[in-house]
Peer 1: 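Right, I'll just put the structure down here and ask away after.
Computed from a prediction, not measured in an experiment: that's the story for all the values here. When reading the values below, keep in mind they use all heavy atoms of this one structure, side chains included, and skip hydrogens, waters and symmetry mates.
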Amino acid sequence: TLTPSPTDGESITAVTTDSAGNTDTPGITENNAIDTNAPTLTMNAITAGATTITGTGEPNATITITPNICSNTPIIVDASGNWTCTITAGSEPQANDTITATSTDGAGNTATVTYTITQAQTSHHHASRRLPRKQVAQIFGYTEQQTSPTETTTPSADNPLGGNLCTSNLIIHNFMKYGDRDGQYSSYNKGKVTEIKLLQSHINRILKDEYTGKPAGPEDGIFGPLTKKGVIRLQTKLNQLLKGIIEKPLIIDGIVGPKTREAINHSC
């Protein structure tokens, strides 16, 4: 127990004395043994869809990324002061996501930096290639309506999944993305999210014949990496079903927006 508290960089000497009064003088001295300084830490800019996150820090410190999307944990700062997070496939960050890096040195001191990915501007050329909602509705076989997140549509014919409109207790009204949790406000949904567990049950049902285990993981109401992968797999399956009909009926982004949500609602 150190009393009074030592100053940063102070050296510590330990001397052992036995019951006969013998000592191991001069003992053992640790120079600059006390470290109360927070480690240095930087995180480079991150773009939507990035496969790595990089930065600098105190050599040998441990870096923790939140949310946990790195496949190469633990991340240790190398001797040159650099570190890299290799993002797990399917967990790539998206626009408006916030990434936090925490550095912990050998003395337990910590430092934290946060980066929020900005929304990329869409060019007019790119926007002109987007498929009109009416055409998507015709392909999926339901009547196009102007809908809000609390409204549903009525199918006019079977959709490419060969299914029908789900019963009211299985309809998804929320828009959802990675990082959302049931019972919490979602900036993407513009309200409280209440249907992530329902989304996970839909993904596990629709893809159960194509993947072992549960594509969305446990139905726990947390839109984590496994659920995002499940949404991506679902969007990929829909694109395969529509191959040759349109180029890109759904953007494979792991986000449950209006088009993906209505496709799921018509898959029962």
Side-chain angles (χ1 to χ4, degrees), residues 46 48-50 64-71 87-100 114 116-117 119 136 140 142 147-153 155 159 161 163-239 249-268:
I46 308 168
T64 303
I65 299 297
T66 305
N68 183 16
I69 57 177
C70 304
S71 62
I87 299 174
T88 303
S91 299
E92 294 81 0
Q94 304 300 318
N96 301 319
D97 285 353
T98 297
I99 305 297
T100 299
T114 299
T116 299
I117 302 172
Q119 178 70 50
V136 173
F140 279 95
Y142 55 85
T147 62
S148 70
T150 59
E151 295 175 338
T152 61
T153 57
N159 75 337
L161 286 175
N164 299 307
L165 180 67
C166 296
T167 56
S168 59
N169 62 313
L170 298 178
I171 290 292
I172 292 178
H173 306 91
N174 293 169
F175 299 145
M176 296 168 275
K177 65 180 295 186
Y178 181 85
D180 285 345
R181 287 173 177 257
D182 274 343
Q184 294 186 1
Y185 180 84
S186 164
S187 59
Y188 184 69
N189 183 64
K190 303 302 180 184
K192 183 177 290 187
V193 175
T194 60
E195 298 173 336
I196 294 176
K197 186 178 293 186
L198 176 59
L199 167 66
Q200 291 166 331
S201 69
H202 277 298
I203 297 171
N204 290 334
R205 170 181 60 83
I206 295 171
L207 300 178
K208 66 179 180 179
D209 295 332
E210 296 190 18
Y211 298 93
T212 58
K214 294 184 176 181
E219 296 171 10
D220 56 6
I222 301 173
F223 202 132
L226 288 177
T227 300
K228 182 175 179 179
K229 287 181 182 179
V231 174
I232 289 173
R233 288 170 172 174
L234 178 59
Q235 291 169 327
T236 300
K237 180 175 181 179
L238 292 174
N239 279 347
L250 291 176
I251 297 175
I252 302 176
D253 55 5
I255 298 174
V256 180
K259 297 177 183 178
T260 299
R261 177 178 65 85
E262 291 189 286
I264 294 173
N265 285 342
H266 290 79
S267 66
C268 292

Peer 1: Using every non-hydrogen atom in the two residues, find where P67 and Y178 come nearest and quote the distance to one decimal.
Peer 2: CB-OH, 3.1 Å
Peer 1: With the side chain counted from C-beta on, respond yes when T88 and N68 share a heavy-atom pair under 4.5 Å apart, and no when they do not.
Peer 2: no
Peer 1: What's the spacing between S186 OG and I196 CD1 if we round to 0.5 Å?
Peer 2: 7.5 Å
Peer 1: May I ask you to test the K208-N204 pair for a side-chain heavy-atom distance under 4.5 Å?
Peer 2: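 A side-chain contact under 4.5 Å is absent here.
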Peer 1: Write down the atom of I117, the atom of A48, and the distance for their closest heavy-atom approach.
Peer 2: CG2-N, 3.7 Å
Peer 1: Could you report the tightest heavy-atom contact between G217 and L226, atom names first, then the distance?
Peer 2: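 The answer is CA-CD1, 3.9 Å.
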Peer 1: Drop me the distance from R233's CZ to L207's CG, to the nearest 0.5 angstrom.
Peer 2: 7.5 Å
Peer 1: Please tell me if the side chains of I222 and T227 come closer than 4.5 Å, counting only heavy atoms from C-beta onward.
Peer 2: no
Peer 1: Write out all pairs satisfying salt bridge (Lys or Arg N to Asp or Glu O under 4.0 Å) with one or both partners inside residues 172-189, taking only residues at least two apart or from two chains.
Peer 2: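 Salt bridge (Lys or Arg N to Asp or Glu O under 4.0 Å) check on residues 172-189 returns D97-K177.
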Peer 1: Determine whether T116 and T98 make a side-chain contact, defined as any pair of heavy atoms from C-beta on separated by less than 4.5 Å.
Peer 2: yes
Peer 1: If I take atom OG1 from residue T260 and atom CD1 from residue I252, how far apart are they, to the nearest 0.5 angstrom?
Peer 2: 10.0 Å
Peer 1: Does any non-hydrogen side-chain atom of I65 lie less than 4.5 Å from one of I87?
Peer 2: no
Peer 1: Are side-chain heavy atoms of I99 and P93 found at a separation under 4.5 Å?
Peer 2: yes
Peer 1: Tell me, which pairs form a salt bridge (Lys or Arg N to Asp or Glu O under 4.0 Å) where one or both residues lie in residues 221-231, sequence neighbours left out?
Peer 2: none
Peer 1: To the nearest 0.5 Å, how far apart are CD1 in I232 and CD1 in I251?
Peer 2: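 It is 12.5 Å, given to the nearest 0.5 Å.
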Peer 1: Would you say Q200's side chain and G221's backbone share a donor-acceptor pair under 3.5 angstrom?
Peer 2: yes
Peer 1: Calculate, to the nearest 0.5 Å, the distance between atoms CD1 and NZ belonging to I203 and K214 respectively.
Peer 2: 12.5 Å
Peer 1: Going by heavy atoms in the side chains, are F223 and L199 under 4.5 Å from each other?
Peer 2: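 When only atoms from C-beta onward are counted, L199 and F223 do touch, with a gap below 4.5 Å.
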Peer 1: If you take all heavy atoms of R205 and H202, which pair is closest and at what distance?
Peer 2: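 Nearest pair, atom of R205 first, then H202: NH2-ND1, 2.8 Å.
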Peer 1: Identify the heavy atoms of T114 and T100 that sit nearest to each other, and give their distance.
Peer 2: OG1-OG1, 3.3 Å
Peer 1: Determine the minimum heavy-atom distance between F175 and R261, stating which atoms define it.
Peer 2: CE2-NE, 2.8 Å
Peer 1: Enter the distance from I255:CD1 to M176:CE here, rounded to the nearest 0.5 Å.
Peer 2: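 It is 12.0 Å, given to the nearest 0.5 Å.
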